[in-house]
A.B. asks: 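This structure is in structure tokens; I'll ask about it shortly.
Both backbone and side-chain heavy atoms feed into the values below; hydrogens, waters and symmetry mates do not. Quick caveat, the model's predicted, so the values are computed rather than measured.
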Amino acid sequence: MRAFLLAAGSGTRLGALTETLPKCLMPILGVPLLERWLVQLTDAGFEEILVNTHYLSEVVRCYVEESKFKDKIRLIHEPELLLTGGSLLKNRNALDGQPFIAIHADNLSLFNMRDFVAAHRARPKPAVMTMMTFKTPNPSACGVVDTDPSGLLTGFYEKVANPPGNRANAAVYIFEPEIFDVLQSLGKEKIDLSTEVIPRLMGRIFTWHNADYHRDIGTPQSLILAQFEMALRQGASVGDRFLKALSESPA
């Protein structure tokens, strides 16, 4: 199974923090986000990892060239942002023919990747993809999901006021090759997965819940929270009351 790390975004919500450093290389306790994903993927046995770039692509390229994972990585420069679905379709030749995992590399997520892959392989037959979900403290800022008892998606509420729940799309997916037929049928280059693809696939998307850890580090506040949360996980001494107060603030 191949892996595709989507690392092209500019991270505008982080403001000045991304003027010289792309969002995918934001350090969490000194370790870039992209490296944390590369560690998880290689530990799970992935040997071929595609990484797309756009904003500050030379910075990402320099990082990769100096990385211990460089022999596993294939960089793909995206001169124009094509959105998630468009990026997948553009790289069909490199991804088609077998299932693959696609990850938004600007999120910080910890989970058992082998369990995720195993769940996809055991998915209900109608499903052409598996979506990882997480419990969000701010449902209106996410894509909230509804599922049937088998775990198949029956409802999707992308950034709406008062969605019916707090289980949300984590932007980590495993796709079957059939997804390219769906993308191709839209007849366009730029394709938004959340608004143009997922709604078309109700009943054909399996869900797997990450009950361990997931955070979008897209804002300065959430980036700070990630530092504290990872410090706690690693046993550092951090004031629990202060962390709890931060965690209860929408990120």
A.B. asks: Checking Arg36 now: which residues fulfil side chain to side chain donor-acceptor pair (under 3.5 Å) with it, not counting sequence neighbours?
C.D. replies: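 For Arg36, no residue satisfies side chain to side chain donor-acceptor pair (under 3.5 Å) once neighbours in sequence are set aside.
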A.B. asks: Among residues at least two apart in sequence or on other chains, which ones pass salt bridge (Lys or Arg N to Asp or Glu O under 4.0 Å) with Glu176?
C.D. replies: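 For Glu176, the residues satisfying salt bridge (Lys or Arg N to Asp or Glu O under 4.0 Å) (neighbours in sequence not counted) are Arg123.
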A.B. asks: Has Gln40 got a side-chain atom pairing as donor or acceptor with Ser109's backbone, closer than 3.5 angstrom?
C.D. replies: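 Indeed, once roles are kept as given, a pair shorter than 3.5 Å links the two residues.
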A.B. asks: Is it true that Glu158 and Thr195 share a donor-acceptor pair across their side chains at a distance under 3.5 Å?
C.D. replies: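 Short answer, no.
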A.B. asks: Looking at residues at least two apart in the chain, or sitting in another chain, which of them share a side chain to side chain contact (heavy atoms under 4.5 Å, CB included) with Lys72?
C.D. replies: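 If we apply the side chain to side chain contact (heavy atoms under 4.5 Å, CB included) test to Lys72, skipping adjacent residues, the hits are Thr42, Glu47.
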A.B. asks: Is it the case that Asn162 and Ser140 place a side-chain donor and acceptor less than 3.5 Å from each other?
C.D. replies: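 Result is no, nothing qualifies.
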A.B. asks: Could you list all the side chain to side chain donor-acceptor pair (under 3.5 Å) pairs where at least one residue sits in residues 6-18, not counting sequence neighbours?
C.D. replies: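 Pairs touching residues 6-18 that pass the test: Arg13-Asp216.
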A.B. asks: Report the residues that fulfil salt bridge (Lys or Arg N to Asp or Glu O under 4.0 Å) with Arg121, sequence neighbours left out, ordered by chain and then residue number.
C.D. replies: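 Not a single residue meets the salt bridge (Lys or Arg N to Asp or Glu O under 4.0 Å) criterion with Arg121.
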A.B. asks: Please tell me if the side chains of Arg167 and Thr136 come closer than 4.5 Å, counting only heavy atoms from C-beta onward.
C.D. replies: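 They are not in side-chain contact.
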A.B. asks: Mind checking side chain to side chain donor-acceptor pair (under 3.5 Å) for Asn166 and listing every partner two or more places apart, or none if nothing turns up?
C.D. replies: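 Here no residue qualifies.
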A.B. asks: Using modelled atom types and a 3.5 Å cut-off, is there a donor and acceptor pairing between side-chain atoms of Glu35 and backbone atoms of Val31?
C.D. replies: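 No; zero donor-acceptor contacts below 3.5 Å.
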A.B. asks: Listed by chain and number, what are the ring-ring contact (aromatic ring centres under 6.0 Å, His included) partners of His214, not counting sequence neighbours?
C.D. replies: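 Listed in chain order: Phe134.
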A.B. asks: Please report, to 0.1 Å, the donor-acceptor pairs under 3.5 Å made by any side chain of residues 141-156, with sequence neighbours excluded.
C.D. replies:
unit_1: Asp146; atom_1: OD2; unit_2: Tyr157; atom_2: OH; d: 3.2
unit_1: Asp148; atom_1: OD1; unit_2: Ser150; atom_2: N; d: 2.9
unit_1: Asp148; atom_1: OD1; unit_2: Ser150; atom_2: OG; d: 2.7
unit_1: Asp148; atom_1: OD1; unit_2: Gly151; atom_2: N; d: 3.1
unit_1: Asp148; atom_1: OD1; unit_2: Leu152; atom_2: N; d: 3.0
unit_1: Asp148; atom_1: OD2; unit_2: Ser150; atom_2: OG; d: 3.4
unit_1: Thr154; atom_1: OG1; unit_2: Asp146; atom_2: O; d: 3.3

A.B. asks: Do any pairs count as a ring pair (Phe, Tyr, Trp, His ring centres under 6.0 Å) and have a residue in residues 95-128, sequence neighbours left out, and if so which ones?
C.D. replies: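 Applying ring pair (Phe, Tyr, Trp, His ring centres under 6.0 Å) to every pair that reaches into residues 95-128, excluding sequence neighbours, yields Phe100-Phe175, Phe100-Phe180, Phe111-Phe116, Phe111-Trp208, Phe116-Trp208.
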A.B. asks: Is a salt bridge present between Glu65 and Arg61, judged by a nitrogen-to-oxygen distance below 4.0 Å?
C.D. replies: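 A salt bridge links Glu65 with Arg61.
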A.B. asks: Looking at Glu48 and Arg74, does any basic side-chain N land under 4.0 Å from a carboxylate oxygen?
C.D. replies: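 Salt bridge flag = no for Arg74 with Glu48.
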A.B. asks: Looking at residues at least two apart in the chain, or sitting in another chain, which of them share a side chain to side chain donor-acceptor pair (under 3.5 Å) with Ser67?
C.D. replies: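 For Ser67 there are no side chain to side chain donor-acceptor pair (under 3.5 Å) partners, ignoring immediate neighbours.
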A.B. asks: With sequence neighbours left out, which residue pairs that include part of residues 1-57 fulfil the ring pair (Phe, Tyr, Trp, His ring centres under 6.0 Å) condition?
C.D. replies: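 Those involving residues 1-57 do not exist here.
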A.B. asks: Who passes side chain to side chain donor-acceptor pair (under 3.5 Å) against Asn91, sequence neighbours left out?
C.D. replies: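 Listed in chain order: nothing, the list is empty.
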A.B. asks: Should we say atom CD of Glu189 is surrounded by more than 12 heavy atoms from elsewhere, each under 6.0 Å from it?
C.D. replies: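 Open: at most 12 neighbouring heavy atoms sit under 6.0 Å from CD of Glu189.
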A.B. asks: Could you tell me which non-hydrogen atom of Leu33 sits nearest to which non-hydrogen atom of Asp106, and how far apart they are?
C.D. replies: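 Taking Leu33 first and Asp106 second, the nearest heavy atoms are CD1-O, 3.7 Å.
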A.B. asks: Calculate, to the nearest 0.5 Å, the distance between atoms CG and CD1 belonging to Leu193 and Ile198 respectively.
C.D. replies: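 These two atoms lie 4.5 Å from each other.
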